[in-house]
Every structure is written in structure tokens, then in C-alpha cells.
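Structure first, then comments.
Whatever order the structure lists them in is the order used to number ligands and atoms, beginning at 1.
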Amino acid sequence: MIKILILGGGFGGIRTALDLEKKLRQLKNRKFEITLIDRNGYHLFTPDIYEVASAYGIKKDPFAVQLKRTICMPYADIFAGKHINFIQAEITEVNLAGQAVKTGGGHMVEYDYLVFALGSETADYNIPGVKEYAHQFKTLEDALFINQKLDELSEEFKNGSRTEPSSFLICGGGFTGVELAAELGCCSKVIREKCRLRGRCSTITLFEAGPKILAIVPEKERRLFKERLTNLGIIIMENSPIEEVGPDFIKLKSGHKIPGDLIIWTTGIKPNHLLADIKDLPLTSSGKIIVENTLQVRGYKNIFVAGDSAEFIDPETQKNVPGLAYVAVDQGKVAAKNIFSLIAKSDIKLKDYKPFYGVWIIPIGGKYALAHLWGGWLVKGFFGWIIRQLVDIRYLLSIFSVNKTLDIYWGEVTLFSKND
Ligand SMILES: Cc1cc2nc3c(=O)[nH]c(=O)nc-3n(C[C@H](O)[C@H](O)[C@H](O)COP(=O)(O)OP(=O)(O)OC[C@H]3O[C@@H](n4cnc5c(N)ncnc54)[C@H](O)[C@@H]3O)c2cc1C
């Protein structure tokens, strides 16, 4: 029995599992066992987290079941009918020499082939107060917390306990910060109308430490982003590194102290902390796993990495490939192909991962998105949003049946369009 163990059921882990299972089924005489371990019972569709955070004005149930269904995709559904075992557990130790992984419950899982797909964590850059007071934006719970805050805000206006606008401080002018700020901007307008307020119900400020928000986009596109954000009432503070975060304020390096009712941290990522504790795992100085072009961990023929955990230097730019969902998916495909080649003992040379990340589609509030496509072709506004919907549907179809995809997508559209 050949045992393949995949750690993490995010974009990279799922793709590896599904592709590998499909390929291995072709090998009639070889026995194999694919197991995926994740702490959650669902795959989190991070690109729509901002929608859950800002879904205001929908009928809610005490456990937010409807909202959860839009971005939490149960592994039981994804792996239904597939020869893939799923273990829901916290991974606590990886023993490379003994080829075994330990879970929180003390269970040991052995492997012949291992895939690290453990994603990343939010970086706090050791800024005092971030861990204690800033609200992270990475999990379902993070999104539901913000959603709850919006409900509370609206209630305060309705019952008269609040008359002044609430202050939302979003720290980090990358794609996530911009998406969230824009959607909260749309949401604030809806709250204002519903609560019949004369003035604003909130001020939303986006802080960026560097000279420009969205550092990787071309200047022309950045202007479009800024125009749209400003129209939605977002205050953009570039060149504003944060020195300290307090319970109800942030302090900039310039000395300015800005009061905030809700401080949301979206400034960047760092590798999963578990990696640093794994004996003999080759890591870069930033803590990512060093891989060969084939995505094999340096020094280990039977261990692969897919997604944010890998340090892969793009030969063209000499920079690390960015942490993106579709990068993780592409790497998962390569890892699956290469593990299959090794198991099937085919003479084919292992496949090199060729990075591609030149396309992005960023929603900027409501049914409006900026899509930077192949060759720099730009589509903005409603048609940009349509392209984004098609990309989401394509992803859902890659892991679910048509019926299930339509079911999830319909749930998303009906819930998320309320603020648009
Ligand atoms: C708010 C937000 C919005 C984003 N929007 C986009 C977007 O629009 N487009 C885009 O391309 N990318 C987006 N990204 C980036 C994208 O989500 C990541 O690049 C991608 O998820 C990386 O895939 P992965 O497989 O490496 O890790 P992940 O998808 O993060 O999966 C890692 C998995 O490992 C599990 N795990 C981790 N540690 C343990 C442990 N110790 N025990 C058990 N399980 C564990 C986690 O539960 C998780 O399921 C966004 C990220 C965030 C946070």
C-alpha cells in the first residue's frame, strides 16, 4: 500500500488530492491510500471572505448557516465518491526521518509521500498591540465578527445610542484591504439609507505603510482603484506606517493617533508557524520551505509543497511568487503529476512548475471589479465583475458537480448582492 499524506485542505492541498486520485485510479494493480488532514471540516474560499464580512441586511439565523455555506465547502462534499480519506485534526508534529505526522489527538499517520499545503498566517511585523487589539481577516470567524459589528452599528443608530459615525481602520493597502474597504463603503451607504441618517454612518480609512497602495499594479490601474475608492468615501492614507495598535486607536510612525471603533489587519502574510518546528526541513530566512523546480522539498524526493508554504523564485523576476489561490492550485497540479510519475515509475522527467500570476480580478465594491487580464487587457466595472463571477464558478466546477456549483453560487449571489 502506497500512502500519500496531504497536510492542509486549502487551494493547493485539494487540487493535489483530487488530481492525484484521478490519476492513480488508472493504475489498476497498485494499492494506494490518499489522506488529507485539516483542522477544519471545510475548505475555505478566501476570495469571498470580504463578502461575508459585509453581507448586511440579510435574514440571519443564530449560527449563520446561510453565510457559512457560501464560503465553507465541506470536504465530505468535495471528496464524495473519491478514494480520499479525510481526517479533521490539528497537525502538531511532522517527523521527516520517521515518515510520520502527529495530530493533536496523539494519532500518528505514516506516509510514503508527503505534501505540505499548510498555507500562511497573518504577519504582525512585531508591531505592539496588533495581536491583542487588531482584528485579523483570514478565517470564517473573522468575517462573521465584522458582520456582527455592522449589525451592532446599525442597531445603535436605530435605537439612538449612537449619533456619530463609526470609525473603521483598515491596515494594509493590498488587494485584501482594498476589497474589504470598498465593500464596507457600499455597505455603509445601505446602513445609512436603512437607518435614515442624514450624515455618514461610518468613516473608513485605509492605511498603507509604503508609498502606494497595491504596489504591484501599474500606475494607470492604481489611479482607477483610487478613484473608485474615493467615490465610495474611503480615505486613503499612503506612506503611513503603523507604530502601535491600541484597543481603540492606531498610532502612526509620524506620531498621529487615530481613533477607531474597529481595527482590521490585512497587511501581509508569514509562513505557517508549524514549519519552523520540523527538524531538518529546509527553510528560507523568512520561514518558507525551499523547493526544487519540481516542487520537491530540497533534499527529499518524496516530499512536495503546494501553495503559500513554498518559496519559489520566479526565474524571470528573481522574486518569490506571490501567495495567491490560483498559484496554489497550479502548484497542486504539478505536485500531483510528479507524485504520480514517481509512483507509476514512468520514465517521464518530473514536471517543473512554471510560475504564472500576471492576471488579477479585484472587486471594488458592489458589482464592480477591475480585471487585469492576459497581455495587460483591462476590463472594469460591471463586466469586470462578470469575469470575476465566471472565474469563481470555474473554480467551483473544478471541485464540485454542476448541481452543487449552481447551488452554492446561487446562495452567494442572493446573499451578497444586497449591498450592491
Ligand atoms: C482574506 C483573503 C482574501 C484572499 N483573496 C484572494 C483572491 O481573491 N485571489 C487569490 O488568488 N488569492 C486570494 N487570497 C490568497 C489565497 O487565499 C492563498 O494564497 C491561498 O489560500 C493559499 O493556498 P494554500 O493551499 O497554500 O493555503 P490555504 O488555502 O490557506 O490552506 C491551508 C490549509 O491548511 C490548514 N492548516 C494550516 N495549519 C494547520 C494545522 N496545523 N493543522 C491542520 N490544518 C492546518 C488550514 O485550515 C487550511 O485549510 C486571499 C487570502 C485571504 C486571507
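With ligand atoms numbered from 1 in the order given, ligand 1 contributes 1 (C), 2 (C), 3 (C) to contacts under 4.0 Å with heavy atoms of T176. Using a 4.0 Å cut-off to heavy atoms of E90, the atoms of ligand 1 that qualify are 40 (C), 41 (N), 42 (N). Residue contact check: G12 has heavy atoms under 4.0 Å from atoms 25 (O) of ligand 1. The distance from ligand 1 to the heavy atoms of G307 drops below 4.0 Å at these ligand atoms: 26 (O). Every atom of ligand 1 with a heavy atom of A117 under 4.0 Å away is listed here by number and element: 32 (C), 33 (C), 34 (O). Near L118, with a cut-off below 4.0 Å to any heavy atom, the atoms of ligand 1 are 32 (C), 34 (O), 36 (N), 37 (C), 38 (N), 39 (C), 45 (C).
When only interatomic distances are considered, the shortest N/O to N/O separation between L274 and ligand 1 does not fall below 3.5 Å. An N or O contact shorter than 3.5 Å is missing between A328 and ligand 1 by distance. For ligand 1, the polar-atom distance check finds an N/O of L324 within less than 3.5 Å of one of the ligand's N/O atoms.
Atom 42 (N) of ligand 1 has its closest protein heavy atom at I91 N, 2.8 Å. At the shortest separation from atom 19 (O) of ligand 1 among protein heavy atoms lies D308 OD1, 3.0 Å. Shortest contact from atom 12 (N) of ligand 1 to any protein heavy atom: A325 N, 3.1 Å. Closest to atom 17 (O) of ligand 1, if we only count protein heavy atoms, is T46 OG1, 2.5 Å. The single protein non-hydrogen atom nearest to atom 48 (C) of ligand 1 is D38 OD2, 3.3 Å, given as residue, atom name and distance. Here the protein heavy atom with the shortest distance to atom 31 (O) of ligand 1 is G10 CA, 3.1 Å. In this structure, the protein non-hydrogen atom closest to atom 21 (O) of ligand 1 is F11 CD1, 3.3 Å. The shortest contact between atom 34 (O) of ligand 1 and any protein heavy atom is with G8 CA, 3.4 Å.
Across all non-hydrogen atoms, the minimal contact from I34 to A17 is CD1-O, 4.1 Å.
With a 4.0 Å heavy-atom cut-off, ligand 1 is reached by the side chain of N40 but not by its N, CA, C or O. By the criterion of a heavy-atom distance under 4.0 Å, the side chain of N272, and not its backbone, is placed next to ligand 1.
A donor-acceptor contact shorter than 3.5 Å links the side chain of Y125 to the backbone of T267. Under a 3.5 Å cut-off, the side chain of N338 and the backbone N or O of K351 do form a donor-acceptor pair.
Using the six-membered ring where Trp is involved, Y326 and F356 have ring planes that are tilted, between 30° and 60° apart. Using cut-offs of 30° and 60° for the angle between ring planes, the F32 and H83 rings count as perpendicular. Taking the six-membered ring where tryptophan is involved, the planes of F86 and F79 are tilted, since the angle between them lies from 30° to 60°. Ring geometry, F11 versus Y395: the interplanar angle falls from 30° to 60°, so the pair is classed tilted.
Of the listed options E121, Q136, R39, R39 places a heavy atom closest to atom 39 (C) of ligand 1.
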message: Run T176 and Y50 through side-chain hydrogen bond (donor to acceptor under 3.5 Å, both in side chains) and show every step you take.
response: CA-CA 8 Å; T176 302; Y50 78 98; over 6 Å; no
message: Show, in sequence, the C-alpha distance, side-chain angles and deciding distance for D314 and Y357, and conclude whether the side-chain hydrogen bond (donor to acceptor under 3.5 Å, both in side chains) test is met.
response: CA-CA 10 Å; D314 182 344; Y357 47 89; 2.6 Å; yes
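Across I4, N302, V94, a single residue satisfies side chain to side chain contact (heavy atoms under 4.5 Å, CB included) together with L114, and that is V94. Just one of I264, T122, T266 meets the side chain to side chain contact (heavy atoms under 4.5 Å, CB included) condition when paired with Q136; it is T122. Just one of L373, V359, D392, L370 meets the side chain to side chain contact (heavy atoms under 4.5 Å, CB included) condition when paired with I387; it is L373.
A heavy-atom separation below 4.0 Å is found between A89 and ligand 1.
For Y133 and F249, the gap between ring centers reaches or exceeds 6.0 Å.
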